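Structure, as structure tokens:
Note that this is a predicted model, so its numbers are computed, not measured. Whatever order the structure lists them in is the order used to number ligands and atoms, beginning at 1.
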Amino acid sequence: MSGDRGAVELEGVTKRFGSMVAVDSVNLSVKPGEFLSLLGPSGCGKTTTLRMLAGFEQPDSGFIRISGEYVQGVPPYKRDVNTVFQHYALFPHMTVAENVAYGLRQKGVPKSEIAAKVAEALDMVQMSKLAERKPRQMSGGQQQRVAVARALVNRPSVLLLDEPLGALDRKLREEMQIELKLLQSRLGITFIFVTHDQEEAMSMSDRIAIMLDGHIEQLGEPETVYEHPSSAFVAGFIGRNNFWQGVATEHGIRADDGTEFVASRPEEDVPNGQPALAAVRPECINLSAERPADSNNVTAGVVAGVSHFGDVLQYVVSVKDRDLLVLTPRAHAARFQQDDNVFCHWSADDVYLFSARQADIVMTDGDEEIHDN
Ligand SMILES: Nc1ncnc2c1ncn2[C@@H]1O[C@H](COP(=O)(O)OP(=O)(O)O)[C@@H](O)[C@H]1O
Ligand SMILES: [Mg+2]
């Protein structure tokens, strides 16, 4: 078993609530010491998956192994895992040190050992100095650090984290992302990290499992899911994309707005004449004042807006009856202003082609939805 310490395996795991299938025959193998994120929109089954690993829910079918052991019927406190929730739920009347010690005391760990373990856990999250504070005397980020210390004090092989940074403001969240990632690589503990924030998953994970409607849509390293999304859903959920709906042609797609695009890297084999979606990332679209020499994948438009983001310029370009999002490095020679006439063009290598069966669920980064039909 020792070779499997920290490994987590799900085989055909299904969970229903009444007639609704929350988790649908999920297979997943997490390696010891891996940082794996479950990423997906609200309601896709992330929390339910985590709760089955923790032992708070039982699968209706399928098997779970943690550190090489089948955990069917094993109660939460006997599993080699611990959980950090979004709402840290520290005991308000206890100090930081007492909060961290609580689980050890319940387990009957000798007093002499408790102090040393608590000190070590607080040191891991750099909270030793605040050991005597009460939760209400600390910021949200500090409270969440204590929650992490409390979960780590038993030295589980696997830490389950359910949107642990979701309640923090952006700046603090970014700091905590770096801290958690460092902590994880230092301790070598397996992290299964639930988030609906694709940037968070991209920046922290060794691999990401992108979930949709209870199943894993794609599993891979951040670069892979970004570069080779297996479906239009993933292409829209990871990073940003411009989508066109249309019909597959021999060389690419004939979009519903009449434009024809050439695609040299179909991600899915879409038969000619079938409904298709083309996706082009905003950073893959070039803008120019003159019509480019290559006549493929060119469309004329008008700059509707320019925004500055650090070293990147973001353009919104009105093209026919829709807007395109275009990102260019600030250092780029050509700069455009609102109302400028421009040509948008892109390489056939940068056109992803998908079958359009999922057109209705294509999303950009969470807050905005594109309904192509
Ligand atoms: N205890 C429950 N009873 C009934 N339905 C539930 C329960 N828990 C979760 N669900 C449903 O299961 C689906 C998945 O939920 P959840 O795992 O919480 O998703 P996520 O964490 O990805 O937002 C949702 O449709 C949710 O409403
Ligand atoms: Mg959830």
Discussion item. Between Arg65 and Gln72, is there a side-chain donor-acceptor contact under 3.5 Å, judged purely by atom types and distance?
Written reply: no
Worksheet item: Protein heavy-atom contact under 4.0 Å for atom 27 (O) of ligand 1?
Response: no
Worksheet, complete the sentence: Among non-hydrogen protein atoms, atom 15 (O) of ligand 1 lies closest to Thr48 OG1, 3.8 Å
Worksheet item: Does an N or O anywhere in Glu57 fall below 3.5 Å from an N or O of ligand 1?
Response: no
Worksheet item: Looking at Trp244, is Arg254 sitting on its ring face, NZ or CZ under 6.0 Å from the six-membered ring centre and within 45 degrees of the normal?
Response: no
Fill in: Heteroatom proximity flag, Thr49 to ligand 1, N/O under 3.5 Å
no
Worksheet entry | Side chain proximity check, Leu152 to Ile189, heavy atoms < 4.5 angstrom | yes
Practice prompt. Could you check atom 9 (C) of ligand 1 against the protein and tell me its nearest heavy-atom contact, residue, atom and distance included?
Written response: Phe17 CE1, 3.5 Å
Worksheet item: What residue and atom, counting heavy atoms only, is the protein's closest point to atom 19 (O) of ligand 1, and at what distance?
Response: Gly45 N, 3.3 Å
Worksheet item: Can you find a side-chain donor-acceptor pair between Thr190 and Glu34 that sits under 3.5 Å?
Response: no
Item to complete: Identify the protein heavy atom lying closest to atom 12 (O) of ligand 1, giving its residue, its atom name and the separation to 0.1 Å.
Response: Ala22 CB, 3.3 Å
Worksheet entry | Distance filter under 4.0 Å to Met20 heavy atoms, resulting ligand 1 atoms | 12 (O), 13 (C), 25 (O)
Discussion item. Could you check whether any side-chain N or O of Arg207 sits under 3.5 Å from a backbone N or O of Leu219, counting only pairs where one atom can act as donor and the other as acceptor?
Written reply: no
Worksheet item: Which residue supplies the protein heavy atom nearest to atom 14 (C) of ligand 1, what is that atom called, and how far is it?
Response: Gly43 O, 3.4 Å
Worksheet item: Cationic tip of Arg281 within the cone over Tyr226's six-membered ring, i.e. under 6.0 Å and within 45° of the normal?
Response: yes
Discussion item. Counting only heavy atoms from other residues, nucleotides and ligands, does the tally under 6.0 Å from CD of Gln337 exceed 12?
Written reply: no
Worksheet item: Hey, is ligand 1 close enough to Cys44 that some N/O pair sits below 3.5 Å?
Response: yes
Discussion item. Looking at His196, I want to see if its NE2 is surrounded by more than 12 non-hydrogen atoms of other residues, nucleotides or ligands under 6.0 Å.
Written reply: no
Discussion item. If I take every N, O or S atom of Thr47, is at least one of them less than 2.8 Å from the Mg ion (ligand 2)?
Written reply: yes
Practice prompt. Give the residue, atom name and distance (to 0.1 Å) of the protein heavy atom nearest atom 18 (O) of ligand 1.
Written response: Thr47 CB, 3.6 Å
